[in-house]
Every structure is written in structure tokens, then in C-alpha cells.
Amino acid sequence: MNTKFPTIRKCLFPAAGYGTRFLPATKAIPKEMLPVLTKPLLQYGVEEAVAANITTIAIVTGRGKRAIEDHFDISYELEHQIKGTDKEHYLTEIRALITQCTFSYTRQVEMKGLGHAILSGETLIGNEPFAVVLADDLCDDNRNGVLAQMVALYEQYGCSVVAIEEIPKEQTHKYGVIAGEEIEKGLYRVSDMVEKPDPKDAPSNMAIIGRYILTPDIFDILRETKPGKGGEVQITDALLEQAKQGRVLAYKFKGKRFDCGSVDGFVEATNYFYAKGVAE
Ligand code: UTP
């Protein structure tokens, strides 16, 4: 598409968190590597980025996350073992990603929150707009991936875009919640956003999920952002600064989302993808 705004070429995956809700599984295995069926959460996320024509993959990792780097690399011994056997097809999808994408990594040394993890990724992103995917929010849309939908909006409006979903009001304490004016069906210009509000203080029931398009001035804002809710540097607080200038859109995406950071959501996703696989 012809657009006067820079192309989104890079996708950042913050993947440094401790994943405490999945202990003890996440003691030695990164949460982002837990599989839904046979594929790790992070691989679904990278596939979604590729579906949005984004092939420069930047991953923020931390201690104990080396399995992520090994996953997006050739395993010669394994390749040698299964070459020419009827098992070779198991590697088709991951091989395709390794061929199409470049992967680069940086470490978040202290886990000071999502905003801080994104700021740690600046060294990989530089001065250009970029996408962010939280792999533990697993999205599915058969025709048009959520990130592709958001890139199309960025190409039109040239500002930050967050994906939102309506949630039951009693769950607002788990999410960043927005208020805004609807400018197109399902698209809001954000006027306020609050991190994990009590239901009684929530400005709406529209919750931010783990997909963002961010303009690069977010890094300067994050540098100045003080730790907020839970003592962590919150991306919501930084986005609020952009929102005050009318530069954040919230988009009710088309598709399904599973909160695979929680056991319930993870089981739901597994059942959904299993049923989908059987139906195909
Ligand atoms: P979560 O809060 O869901 O992840 O962060 P967590 O802290 O790993 O999980 P729990 O709550 O302890 O179970 C959302 C995403 O942001 C990343 C996480 O890896 C996850 O993908 N994150 C979070 C970081 O990279 N760094 C942080 O300091 C915090």
C-alpha cells in the first residue's frame, strides 16, 4: 500500500517476564516457549508478524530464556536425523520462518515491567515505528491476522495503535483500560487509559490486549516514565502521554484472543486449536 508514513518493518517481542502463573513449568522453560499443541506461543506470534509482512524480529529476553534463540535457529543434528524420513514435515513451518525472518535479541537485565522491556528493545528497533506482540496473548483469525489489521490502520493514520477487546467489567483490574471517542466503527481516538483499574474506577470495559503499533517517540517518553502500578514501568502510562496529543488509536480487532498467560486461557486455546485442526 502507498502510504506517506514509514513502513512497519520490525516487530518486538517482550519475552523476559518470569511467567510466575505457570510455575513450576516456567522454572527452566520460558513461558513464551510453552506449546499450544506442538507449536510454542512465540512461534504463533512470529507467524502473525510475517502475515503482516514484518520479517525483522526483535526479541527481548532475560536469564533462562536461551531456548528461544535455539528455537529460531537450525538444529543440524536434528535436521540430519530426520532428513528424508516421514517426520520431515514437522519442521516445515519453523524452517520457513527461519528462512524468511531475521532474529535479533537483547536482554532485559532487571524485570521492571512491560514498558521497561519495550525500552530495552530500543537498541534493536532504532528510530522507526514498530509493532509489539505479547506472545502470551494468542490471537487467531483465519483470513487477516490481528497485526496485519493494525498495520493497515497505521498506514492510514500514522500514529500508535493498540488492540482492544470488550471484557466483563469485573475483570478490568487485569488490563490496561481505555476511554475514547469512536471515529470509525470499532476504532477509537484514545482520551484516557488506566492500568489495571478497579472496576468502579475503570473508564470503560475496553481492555488493551497484547498487540501494539508504536511510534518511536515512545522511547523518549518511556525514559521519563516513572514506575506506576505494581512498581513497574507501564507502557500504558507512556501511551497516555501520546494519547493526550490525540496520537493513539484503539482498535477492536477482528478475531479471537486467548490469554495464554493464565492457565484457563491456555487450556481454552489448546482446545480451540485442537478442534480447529481436527475440523480442517
Ligand atoms: P506478563 O505480566 O503477562 O508476564 O507480561 P509475566 O510477568 O512473565 O507473567 P506472570 O504474571 O508472572 O505470570 C506480559 C509480557 O511482557 C513480558 C512478558 O514476558 C510477557 O510476554 N515482560 C513483562 C517482560 O518482557 N519484562 C517484564 O519486566 C515484564
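When a ligand or atom number is given, it counts from 1 through the structure's own listing order. Every value quoted in this text rests on a predicted model; they were computed, and no experiment measured them.
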State whether any protein heavy atom lies less than 4.0 Å from atom 5 (O) of ligand 1. no
What residue and heavy atom of the protein are closest to atom 12 (O) of ligand 1, and at what distance? Thr20 OG1, 2.5 Å
What are the atoms of ligand 1, with element, lying closer than 4.0 Å to any heavy atom of Ala117? 24 (C), 25 (O), 26 (N)
Got the closest protein heavy atom to atom 22 (N) of ligand 1, with its distance? Gly17 N, 3.7 Å
With heavy atoms only and a cut-off of under 4.0 Å, state how Glu232 meets ligand 1: side chain, backbone, both or neither. neither
Between Gln81 and Glu77, is there a side-chain donor-acceptor contact under 3.5 Å, judged purely by atom types and distance? no
Residues in salt bridge (Lys or Arg N to Asp or Glu O under 4.0 Å) with Asp217, at least two apart? Arg247
Please state which protein non-hydrogen atom is closest to atom 25 (O) of ligand 1 and give its distance, to 0.1 Å? Ala16 N, 2.9 Å
When distances are taken from atom 28 (O) of ligand 1, the protein heavy atom at minimum range is Gly113 N, 2.8 Å
Tell me the protein heavy atom at minimum distance from atom 15 (C) of ligand 1, and give that distance in Å. Leu134 CD2, 4.0 Å
Any donor-acceptor pair under 3.5 Å linking the side-chain atoms of Tyr157 with those of Glu184? yes
When the ring planes of Tyr44 and Phe273 are compared, do they come out parallel, tilted or perpendicular, using 30° and 60° as the limits? tilted
Looking at atom 17 (C) of ligand 1, what's its closest protein heavy atom, distance included? Pro14 O, 3.7 Å
One finds that the ligand 1 atoms under 4.0 Å from a non-hydrogen atom of Leu114 are 16 (O), 29 (C)
Would you be so kind as to tabulate the donor-acceptor pairs closer than 3.5 Å made by side chains of residues 97-104, with sequence neighbours excluded?
| residue | atom | partner | partner atom | Å |
| --- | --- | --- | --- | --- |
| Thr99 | OG1 | Arg95 | O | 2.8 |
| Gln100 | NE2 | Ala96 | O | 3.3 |

Could you see which bit of Lys31 sits under 4.0 Å from ligand 1, with heavy atoms only: side chain, backbone, both or neither? side chain
Just jot down the ligand 1 atoms closer than 4.0 angstrom to any heavy atom of Met111, in number order. 28 (O)
Just need the protein heavy atom nearest to atom 2 (O) of ligand 1, so name the residue and atom and give the distance. Arg21 NH2, 4.3 Å
So if I count the atoms of ligand 1 from 1 in the order they appear, which ones are less than 4.0 Å from some heavy atom of Gln108? 24 (C), 25 (O), 26 (N), 27 (C), 28 (O)
Step-by-step side-chain contact (heavy atoms from CB on, under 4.5 Å) determination, Val177 to Ile208: CA-CA 6 Å; Val177 177; Ile208 303 173; over 6 Å; no
Heavy atom under 4.0 Å from ligand 1: found in Val60's side chain, backbone, both, or neither? neither
